[in-house]
Amino acid sequence: MTDIRRRTLMLGSATAAAGLLSTAEGMATPSKLPATRTLKGLPDVVVVGAGVFGMWSALCLQEKGAKVVVLDSYGPGNARQTSCDQTRQIRAAYGERDIYSRWSNEAFGLWERRQEEFGRRLLYPNGVVSTNTPAKLLEAQKRIFAQLDIPYEILSQAQLRSRWPQGRYDDVEEAFFEPRAGLVKARESTVAVAEAFLRRGGAIRLAKARLATQAGSRTAGLALSDGSRLDGGTLLFACGPWLPEAVPDIMAGMIQRQRREVFYFGSPAGDPSFHWERFPCFSDHDIAYSMSDIDYGYKIVPTFGTAVPIDPDTDERIVSPYQMDVARRYARQRVPALAGQPVVASAVCVIENSSDMHYIIDRHPELENVWIAGGGSGHAFKMAPRLGEYISDRLLGRADPEQERQLFSLKSHSKIRPYARDI
Ligand SMILES: Cc1cc2nc3c(=O)[nH]c(=O)nc-3n(C[C@H](O)[C@H](O)[C@H](O)COP(=O)(O)OP(=O)(O)OC[C@H]3O[C@@H](n4cnc5c(N)ncnc54)[C@H](O)[C@@H]3O)c2cc1C
């Protein structure tokens, strides 16, 4: 098991300095953690997975007094994790799914507070335009926004043209505009959380962990990739698309893993038209959606023809000419001035869907010290600080709201149609 002590994680952005991560000196290797409670009455926790579910849970658990160790096969912000890449959209528009509008509304405030605390800009609220939302969902969305007092506008095609003439809207009759929505920095924020966690004395270790159970036991330990074992404590498996392998007895068949390719189109030199200050993000529902340029290019994410399986460990992350063509088709439709521009960066990510697109956050039905958190289903990044608060409260037994418990429970999910290489 390798300690990430004084290990430098290079950030992708020139605005953020490279971080020097180090654990508190002298922290004991947790080869044996107490399954019972510590002096403060709180359990020690091992978090397996340093994506948004794991890293934010670790930080919040630590802030609430728990002693926390994070294990990850590749480290926080690694290129294979679902939480990778430059940016993610944040918006409260969720159709009828009011719980996520409420959570997202709370997450905005938490992101604002956290970026202050981390001393690093992570939130870019330039507005999101949603087009082609089915009428029934749109009505529900308006009602929920009114209840939560979240501002929105309904914009006609003519209003879109006059407000952002650099876009093309032939296919849009009316759009829902959420002015407070926008972008969060993805990889950079995960690294920022890891740095904060380490500064406060947490430990992050490179190791692949697997659930190790003994016959008849009500608790479980971990088998690590270096051959060692870690027994006791509370174990949180926040392994994203790897959950079916990490906890096969309950997660096999519960997560479908899809390739998702993203393309950054370069703005013309010196042209700020598509930068976040001048142009909003778009949540389109036909072939792709897009996000304005912060410092890396105008991001287009095709959603058409994406039902392609991926192995998150072994597959090459090289984009396909087919998806690049879909991205360029979308550019011609929405941002024609960028259609002829070069793709200046690209990435292949993994989407990990649950059967009903709701998160899975629950205690293992047979092992009382084991918890699962994941099933982000393409919409968990924006919620990260809210998820951290929620998961830490559940693990520490501090809160257990009924609506969330039901929705995120293992038993409310089912096996999902597998791809050839899903587990
Ligand atoms: C292209 C794309 C666009 C998206 N857009 C948005 C968006 O606009 N807005 C939004 O809110 N959300 C969005 N999402 C969803 C969001 O990014 C994910 O829901 C979220 O990042 C999932 O995080 P996670 O922590 O569950 O998983 P991950 O980030 O994958 O983290 C899991 C970690 O666990 C580690 N791990 C796995 N198994 C083991 C093991 N056995 N031992 C040790 N470590 C292990 C891995 O190395 C990995 O680091 C998008 C996702 C994708 C792919």
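Atoms within a ligand are numbered from 1 in the order they appear, just like the ligands themselves.
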Charged N-O contact under 4.0 Å between [X] and [Y]:
| X | Y | result |
| --- | --- | --- |
| Arg405 | Asp400 | yes |
| Arg259 | Glu261 | yes |
| Lys64 | Glu389 | yes |

Protein contact of [atom] - nearest heavy atom, named by residue and atom, plus distance:
| atom | result |
| --- | --- |
| atom 19 (O) of ligand 1 | Ala380 CB, 3.2 Å |
| atom 18 (C) of ligand 1 | Thr82 CG2, 3.6 Å |
| atom 16 (C) of ligand 1 | Phe381 N, 3.7 Å |
| atom 53 (C) of ligand 1 | Val350 O, 3.3 Å |
| atom 31 (O) of ligand 1 | Gly51 CA, 3.4 Å |
| atom 50 (C) of ligand 1 | Arg88 NE, 3.3 Å |
| atom 24 (P) of ligand 1 | Phe53 CD1, 3.6 Å |
| atom 20 (C) of ligand 1 | Val52 CG2, 3.7 Å |

Is any N or O atom of [X], backbone or side chain, closer than 3.5 Å to an N or O atom of ligand 1?
| X | result |
| --- | --- |
| Gly54 | no |
| Ile351 | no |
| Trp242 | no |
| Arg210 | no |

Would you check whether [X] reaches within less than 4.0 Å of ligand 1, judged by its heavy atoms?
| X | answer |
| --- | --- |
| Cys84 | no |
| Tyr289 | yes |
| Glu352 | yes |
| His379 | yes |

Looking only at side-chain N and O atoms, does Tyr94 offer a donor or acceptor that is under 3.5 Å from a partner on His379?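 The criterion, which ignores hydrogens and geometry beyond distance, is satisfied for Tyr94 and His379.
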Given the ring of Tyr124, does Arg121 sit roughly above its face, with NZ or CZ under 6.0 Å from the centre of the six-membered ring and within 45° of the axis? yes
Atoms of ligand 1 under 4.0 Å from any heavy atom of Pro241, numbered from 1 in the order shown, are 30 (O)
Please report the closest heavy-atom contact between Ala209 and Val48, naming both atoms and the distance. CB-CG1, 3.9 Å
